Number of protein chains: 2
Amino acid sequence: MTSDITLATYLFNRIKQLGVEHILGVPGDFNLMLLDYIYEVPPLKWVGFCNELNAAYAADGYGRFKQTPGVLITTYGVGELSALNGISGARAESVPLLHIVGTTGRAIQEEHLLIHHVPPGDGLEEPDHTLYMQTSKPLACAHEFLYDPKKVLDQIDHVITQVAKQSKPGYLYIPVDMVHKKVPSDRLNTPLDLKVVNSGQQDLEDKVVQQVLDAIYQSRDPVIIADTLAERHHAVELVKELVEKTKFLSFNTSMGKGIVDENHPSYVGVYNGKASGKGIAETVEGSDLRIHIGPLFSDSNTGGFTHETKPETSIQLHPLYCSVKGHQYDHLHFYPVLEKIVKQLDVSKIPQNATPKPPRAPIEQEENAGSADGITQTYFTEFMNRFMRPNDSLLVESGTFQFACQDIYMKENSSFVTQIFYSSIGFTFPALVGSCVARREQNHPGRCILVEGDGSAQMTIQELGTMIRYKLNPTIFLLNNDGYSIERAIWGPQQGYNDICPNWKWTQLCESLGGTPGKDCASFKVSTKKQLDDLLISKEFESHSDKLRLVEVVLDAFDYPWRLRAQVQRMGKFNRDKFEAYAKNAGEV
Amino acid sequence: MTSDITLATYLFNRIKQLGVEHILGVPGDFNLMLLDYIYEVPPLKWVGFCNELNAAYAADGYGRFKQTPGVLITTYGVGELSALNGISGARAESVPLLHIVGTTGRAIQEEHLLIHHVPPGDGLEEPDHTLYMQTSKPLACAHEFLYDPKKVLDQIDHVITQVAKQSKPGYLYIPVDMVHKKVPSDRLNTPLDLKVVNSGQQDLEDKVVQQVLDAIYQSRDPVIIADTLAERHHAVELVKELVEKTKFLSFNTSMGKGIVDENHPSYVGVYNGKASGKGIAETVEGSDLRIHIGPLFSDSNTGGFTHETKPETSIQLHPLYCSVKGHQYDHLHFYPVLEKIVKQLDVSKIPQNATPKPPRAPIEQEENAGSADGITQTYFTEFMNRFMRPNDSLLVESGTFQFACQDIYMKENSSFVTQIFYSSIGFTFPALVGSCVARREQNHPGRCILVEGDGSAQMTIQELGTMIRYKLNPTIFLLNNDGYSIERAIWGPQQGYNDICPNWKWTQLCESLGGTPGKDCASFKVSTKKQLDDLLISKEFESHSDKLRLVEVVLDAFDYPWRLRAQVQRMGKFNRDKFEAYAKNAGEV
């Protein structure tokens with residue numbers, strides 16, 4: 001075994017083996033030499049971002065759509081810390097993301113030199129160049145500092161494997177003097193084994209599979225609920241197959257929207273506890289067996305903790321456990337279990353649904369807070385139902401429209417992303433860049449479409465320039481409702497803190513940030529229902545579909561979707577009750 | 001003692017007592033109720049930012065100019081983590097900053113509910129709502145979670161006191177149900193004692209003062225070096241007094257620029273080791289006594305570790321120690337020591353400088369990488385020497401111009417900020433907002449002026465909208481040199497990773513981001529020396545000085561100041577030598 005390639009070459013080849021073609025980030029003194037090697041491992045390419053948080057968001061977006069880890073490179077301290085919130089979001093919503101941080105050289109670290117970016121000692125002690133690692137460690141599924149040439153290959157392989165298998169973020173810290181270290185290339189001949197298996201648990205797996213099958217065979221009106229972790233753990237096709245085979249009434253959750261094809265005859269709607277559309281909760285909760293695949297029981301994914309989960313009528317298939325009618329088997333990954341279920345299922349034994357599929361109810365209308373011909377969230381939702389096409393990728397930013405978009409019915413083979421659990425506003429604009437990059441790698445036929453509010457867009461707007469730079473052509477619906485309407489709905493509707501920078505000329509921004517209108521971008525503004533409808537038949541609008549299109553959609557500041565109002569009311573009371581009981585119990589009142 | 005006010009009222013009154021009038025941040029579900037109370041404690045006012053990192057940068061800028069803690073409010077997780085890099089910069093460069101984070105309620109925490117933003121458990125364990133605190137703890141000088149009404153007043157007072165006295169960032173975490181808790185108001189009658197004293201060390205203090213005085217009296221040609229920690233620890237006036245009293249040749253450092261009045265007859269120039277202007281290092285290093293006040297020995301503040309520091313001819317006065325000719329006294333704060341030195345100094349005993357003040361050398365010219373009539377960094381520096389006026393506040397962003405601006409001579413009573421140690425690009429644009437807010441509070445007569453490169457500006461550009469929103473009127477020189485020129489100077493000048501989004505219409509941005517040209521903003525573009533010079537006599541330019549002015553200054557991408565070239569060359573060799581020795585020593589070659 002001769003050491004014939006550099007550490008950087010090894011690393012980028014491992015990344016290439018994942019199917020990744022673009023590496024995202026921001027250059028900095030301590031990663032420049034590392035970045036050089038990207039160009040030496042085709043087809044890898046560099047995508048530079050305006051700042052590191054945005055690059056992290058984009059890597060997350062890439063990971064969601066490509067179903068391979070997004071790869072992010074930053075420089076230690078300033079870049080690494082700026083990206084941290086993006087990493088935290090990927091951890092919360094289980095997105096694979098490899099964060100590579102270029103650091104000071106080993107000699108410089110051991111001499112504790114006070115190089116720029118280095119954290120000075122708190123008191124008189126010498127600076128500890130590894131201090132910043134303490135901030136990322138709690139958020140990483142794997143975390144290695146490449147310090148010893150003899151160990152680095154194990155470390156790289158370990159972190160990449162964990163990131164891919166756990167679908168979470170991991171870190172590699174690379175001192176600048178380690179980039180060129182020679183390592184053996186022959187290990188690259190064996191690709192990493194990223195298949196999820198429940199090692200040594202075949203008997204338990206088989207037992208659980210049998211229990212699930214028995215439960216299905218004995219049930220009267222089972223339902224399937226497809227949730228976000230099914231998608232994160234590559235089980236979308238298995239879920240579709242299960243739906244197809246069983247024809248059980250099927251549901252997505254808020255975060256799992258689009259997993260079950262929403263035009264499939266068995267699909268009913270989004271199950272979101274008491275915040276579900278008409279007839280949906282009743283159907284789920286009336287069923288005698290709920291097969292919930294990839295559940296994530298956060299507040300906004302459960303209608304404010306109103307998912308009814310009776311253990312005795314519930315099957316949950318999760319990356320960390322499987323449970324069948326109240327029996328929970330920990331550390332049993334659902335994927336191999338589901339694979340066997342789908343394979344072994346005997347369709348002759350399954351029940352025919354006793355409960356008929358409830359009719360698709362019209363979208364509940366919110367009170368119209370603005371003028372009669374003004375666009376409401378409901379109206380915009382109905383517009384989206386007409387605008388969306390098969391193969392489209394829809395991204396919805398955290399905010400009011402997250403609570404309306406559940407009423408969109410996704411077309412065939414379309415994808416949906418919204419960060420409704422971690423809910424970091426500003427996320428989705430850069431995530432759109434990541435999604436466009438992933439879709440281009442895949443030669444995906446559909447469009448990338450973003451719906452985002454003005455308050456969120458102000459957070460990360462500079463990446464409009466990045467979209468222009470890399471000739472990406474998403475369609476962006478910018479909901480201009482004059483502030484943080486989601487916060488207005490929660491508290492202080494008229495308070496100044498819920499205002500944002502006023503008078504942004506949204507339709508001018510593509511040009512200001514580098515675009516040439518008509519050549520690589522086009523902007524539109526709609527303020528009335530008629531103007532919105534006209535987009536669908538506008539030849540001009542359609543003629544620019546190969547460019548970045550930005551549509552400013554003017555909404556009233558106090559136009560909230562019905563589901564948001566309901567959720568706020570429910571969670572407000574929920575919190576007040578809990579706070580009162582706590583204070584009483586603590587003897588504070 | 002009756003509990004008659006809310007915790008929030010107490011907190012904001014304590015903040016008001018610091019002399020703070022503006023609180024900076026971004027609203028979020030878990031701080032909205034807290035923000036309500038800002039409006040109830042006049043003259044406190046809220047300044048909303050486009051995102052949390054920018055708000056943190058601004059709070060840092062505010063703290064530097066106001067010399068009181070900047071106060072930042074975010075929501076836990078998403079907001080708190082986004083701000084972290086800004087906090088880290090304040091820690092590195094010793095800026096007082098109070099970060100208040102609104103969190104989930106106590107009952108919700110103890111029930112480990114999976115509310116939005118909450119970090120889910122890593123495995124099967126329940127979510128720990130306090131996980132994110134682990135990320136900020138290593139970066140804070142004080143860190144308290146307000147959980148028990150009986151302890152909260154001590155905790156608040158402790159954190160504020162430490163932030164102010166140590167001049168570093170500190171954290172207060174406030175669960176949403178704690179905001180309204182009733183606490184006694186009478187404690188507010190006693191303001192916090194923020195005076196720095198060396199408790200129980202009066203004898204040691206006196207001994208050190210006498211040693212310093214003796215050293216001065218015995219010296220032949222002493223010099224004074226004013227450095228950044230003198231400013232951070234409120235000793236600027238003491239330093240000025242010492243210079244005035246002694247007439248010793250005096251120097252600022254790169255980070256301490258402007259502390260010694262640069263028009264004072266005793267002022268020589270910026271001492272930056274081997275990267276000093278002509279005659280400066282020779283004068284400092286030829287002296288037999290260097291009185292260095294508030295030193296920070298980072299790479300870029302010492303000309304790449306070429307500050308010559310012979311202990312036997314050196315006095316260092318630092319917040320954590322004082323040293324006199326090789327004797328170091330730890331945990332002795334310099335402020336009370338310097339106060340006594342200035343007071344007790346007998347001018348009849350001090351030496352008259354044997355060394356004459358070296359003449360002010362012309363600025364060293366860099367090679368002109370662009371066209372003959374194009375603007376160079378040197379030319380722009382000379383322009384700034386003509387443009388700057390007394391009372392001005394100058395902010396220079398990390399990048400190439402940091403290495404040129406040392407040749408600007410600051411006018412009377414002017415201030416200078418550059419983050420050359422922590423060097424987080426993007427910092428200074430939002431920090432300018434903080435500085436303008438602070439200057440407005442102070443009714444300061446001068447202008448706020450920013451010099452920033454295009455790559456940095458793209459990081460945080462949205463705060464242009466915030467400047468418009470709050471009617472701030474800085475003058476911004478936007479150096480458009482087509483990428484990260486500082487990185488080009490360091491490595492990979494032609495590599496794609498050093499490019500940024502092209503074709504931004506910089507002079508259109510004020511309007512796009514909410515401004516009305518001629519009313520609240522005005523934009524200019526200069527590409528030649530003549531156009532730049534003409535600004536100084538342009539009536540139109542002057543007529544808009546009450547508005548936000550943005551001047552795009554076109555520079556060549558490869559135009560580097562001489563000092564940057566020298567530094568890169570020196571540090572390149574420095575690093576290579578160290579890496580080679582390390583590898584050899586580790587048996588890796």
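Note that the coordinates shown come from a computational prediction; the quantities given were computed from them, not determined experimentally. Protein chains get the first letters and strands the later ones, always in sequence-line order, with residue 1 at the start of each.
Most heavy-atom pairs under 4.5 Å with chain B: of the set A:Gly48, A:Ala92, A:Ser423, A:Gly465, this distinction falls to A:Ser423. Chosen from A:Asp330, A:Leu124, A:Asn301, A:Asn54, the residue pairing most often with chain B at heavy-atom distances under 4.5 Å is A:Leu124. Note on B:Asp36, B:Ile87, B:Asn503: by heavy-atom pairs under 4.5 Å with chain A, the leading option is B:Asp36. Counting heavy-atom pairs closer than 4.5 Å to chain A, the top-ranked of the candidates B:Tyr484, B:Tyr39, B:Tyr321, B:Trp506 is B:Tyr39. Ranked by heavy-atom pairs under 4.5 Å with chain B, the first of A:Lys578, A:Gln495, A:Arg106 is A:Arg106. Of the residues considered (A:Ile468, A:Val47, A:Leu81, A:Leu113), A:Leu81 shows the highest number of contacts with chain B, using heavy-atom pairs under 4.5 Å. For chain B, the option among A:Trp491, A:Phe574, A:Phe305, A:Phe49 with the highest count of heavy-atom pairs below 4.5 Å is A:Trp491.
For the pair A:Asp148 and A:Lys181, the salt-bridge criterion is not met [side-chain N within less than 4.0 Å of a carboxylate O]. Under the 4.0 Å criterion applied to side-chain N and carboxylate O atoms, B:Lys505 and A:Glu511 are not assigned as salt-bridge partners. A salt bridge is defined here as a Lys NZ or Arg NE, NH1 or NH2 lying under 4.0 Å from an Asp or Glu carboxylate O, and B:Asp499 with B:Arg488 meets this definition.
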Handout entry: ring pair (Phe, Tyr, Trp, His ring centres under 6.0 Å) assessment of A:Tyr76 paired with A:His117
Key = CA-CA 8 Å; A:Tyr76 87 101; A:His117 312 331; 5.6 Å; yes
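Contacts between B:Tyr470 and chain A at a heavy-atom distance below 4.5 Å are absent for every atom of the residue. Heavy atoms closer than 4.5 Å to chain A are found in the side chain of B:Trp46, but not in its backbone. Within the 4.5 angstrom heavy-atom criterion, only side-chain atoms of B:Glu111, from C-beta onward, approach chain A. Looking at B:Phe427, there are no atoms closer than 4.5 Å to chain A (heavy atoms on both sides), in backbone or side chain. Only the side chain of B:Leu139 comes within less than 4.5 Å of a heavy atom in chain A; its backbone stays farther off. Only the side chain of B:Lys168 comes within less than 4.5 Å of a heavy atom in chain A; its backbone stays farther off. Of the atoms belonging to B:Glu487, heavy atoms from both backbone and side chain fall under 4.5 Å from chain A. In this structure, chain B has a heavy atom under 4.5 Å from the side chain of A:Val26, while its backbone stays farther away.
Annotation: the span from B:Ile490 atom CD1 to A:Asp29 atom CG amounts to 4.0 Å, rounded to 0.5 Å.
Ring planes of A:Phe30 and A:His116: tilted class, angle from 30 to 60°.
Proximity of A:Gln458 to A:Trp504: side-chain heavy atoms (C-beta onward) are separated by under 4.5 Å at one or more points.
In this structure, B:Glu463 has no salt bridge (Lys or Arg N to Asp or Glu O under 4.0 Å) partners at least two apart in sequence or on a different chain.
Judged by a 6.0 Å distance limit and a 45° cone about the ring axis, B:Lys584 is not positioned over the six-membered ring of B:Tyr582.
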